[in-house]
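Here the structure comes first, spelled out in structure tokens, and everything after it is commentary.
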Number of protein chains: 2
Amino acid sequence: MVVDGPAETGARARTRRAILDAAVSALSRDPASSLGDIAAAAGVGRTTVHRYFAERSDLLQALSNDALDKIAVANERARLGEGGPVEALERFCKEMFELGDLLMLIFNDPQLMACPEWEEYTEADRDFLRLVERGHAEGVMDRELSPEWVQQTLWALLYAAWSHVRENGASKFDALVLCLRTVRKSIAT
Amino acid sequence: MVVDGPAETGARARTRRAILDAAVSALSRDPASSLGDIAAAAGVGRTTVHRYFAERSDLLQALSNDALDKIAVANERARLGEGGPVEALERFCKEMFELGDLLMLIFNDPQLMACPEWEEYTEADRDFLRLVERGHAEGVMDRELSPEWVQQTLWALLYAAWSHVRENGASKFDALVLCLRTVRKSIAT
DNA sequence: CCCAAGTGGAACATTGGTGTTCCATCGTGT
DNA sequence: ACACGATGGAACACCAATGTTCCACTTGGG
């Protein structure tokens, strides 16, 4: 939630989003994408990119904030506190899967998301770790697997799912089904 | 296996290795590392790097070849054809885990390993897919999971294991144990 | 319709990585 | 001790990405 001064008019907000989305798409495919590449992907002039984000680092910062927002939203939608831990885990998985390219970017560019905000566990992270602890307590998740490891596993399998789409031409749906099945089996008691 | 002309004297071979190893280490942490960074990591002058690899692309090419060699060696050591499919899968997992940083690099820099050699399935890849097919045939691996997906899963979990070491400070041993357990459960019938 | 807001592109200076040359130094095997 | 292979560092030209300015355009909201 960043205040953007004069409440961005329609056109500005739209262009801003186009640039951010294009940046995620381009950077997720090649973390070394130039601003020119990103501008082209957004269907916009390089000058315009600079109009919205003075420096490259500003764009990356905005990207990082946007990612945090999206993750927070996905986390809320997953309602980790409600229902059985395993069902909650599946909801979480489905929600995060929808992040798409953003997922690949976060994964491939760890140092991009090394800002202070990510340093301390994000709200979603903490919720997730608590969920696994609850799963342990209720005896529905493998106690041999620490919450931190389950977290690593989940992100890795989400990444694997999108790689499956990109590299093996799998459908988004099939990839999600495989991912969910694999996650469920991995974590099960 | 690349022939290197005049059979490299001891010192040259040692320096060459140091540079390659440092490159893997540096690039796995930041794919945008400069040659200066890599030289520093290798404890060597930037000039010396250029003496061994005229251009950056030459270094990357050598890195790619080196990776292919190491994977091929690990693959042979795993003897995928021998014994039960599940045991073979575990051997494979252990061998590949030893690739360490190289694993992270291959994962984080897919376009680096997009050379012609990687284009068509590498020997190890083909062996692996056959192994999963054998697992399916013998009924010891989940038939709902295609060989390609199992492959994605395995690499993703190996990556997760090393991330667990880097980010959560887990020991190499613990990470491998968790990884093996998770792989076994994921793939099991 | 009309004009301010928004845009694209050319042109430019700046920067940091790259690739090259040259020379002084180091160290190791003989 | 000596020579030669190997190295480090300074200095340089080069290039691609970046960041900035200016101006001409279009466009959509009033």
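In what follows, every chain begins at residue 1, and chains take the letters A, B, ... in the order their sequences are listed. Hydrogens, waters and symmetry mates play no part in the numbers below; they use all other heavy atoms, side chains included.
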Ion pair check, B:Glu87 and B:Arg91, cut-off under 4.0 Å: no
Reading DNA chain D from 5' onward, which residue's closest nucleotide shows up sooner: A:Arg51 or A:Arg46? A:Arg46
In terms of side-chain heavy atoms of A:His50, which of D:dG19, D:dA17, C:dG6 is nearest? D:dG19
Separation of atom CZ in B:Arg16 from atom C1' in D:dG5, rounded to whole Å: 18 Å
Residues A:Glu98 and A:Lys94 bridged, charged N to O under 4.0 Å: no
Passing candidate, side-chain contact (heavy atoms from CB on, under 4.5 Å) with B:Pro85, options B:Arg130, B:His136, B:Met141, B:Glu133: B:Met141
B:Ile19 CD1 to D:dA6 P, straight-line distance once rounded to whole Å: 13 Å
Quick check for you: among D:dG19, C:dT20, C:dG6, whose closest atom lies nearest to any side-chain atom of A:Glu55? D:dG19
Length of the line joining A:Arg12:CZ and D:dT27:P, which is rounded to integer Å: 18 Å
Between B:Leu59 (CG) and C:dG19 (C1'), how many Å, whole number? 14 Å
B:Leu60 CG - C:dG17 C1' separation (whole Å): 14 Å
Is there a side-chain polar atom (N or O) of B:Tyr52 under 4.0 Å from OP1 or OP2 of D:dA6? no
If you take atom types as modelled and just measure distance, does the side chain of A:Thr47 reach the base of C:dG8 with a donor-acceptor pair under 3.5 Å? no
Residue A:Arg56, side-chain atoms from C-beta onward, closest of C:dG17, D:dG19, C:dG6: D:dG19
Just the rounded figure in Å: distance from C1' of D:dA16 to CG of A:Leu35. 12 Å
At under 4.0 Å, does any side-chain N or O of A:Thr48 touch on OP1 or OP2 of C:dG8? yes
Ring-plane angle category for A:Phe92 and A:Trp155, please: parallel below 30°, perpendicular beyond 60°, tilted otherwise. perpendicular
Just the rounded figure in Å: distance from P of C:dA5 to CZ of A:Arg14. 17 Å
Can you tell me how far C1' of C:dT20 sits from CZ of B:Phe53, to the nearest Å? 18 Å
Say whether, by atom type as modelled, one donor and one acceptor occur between the side chain of A:Asp109 and the main chain of A:Ile106 under 3.5 angstrom. no
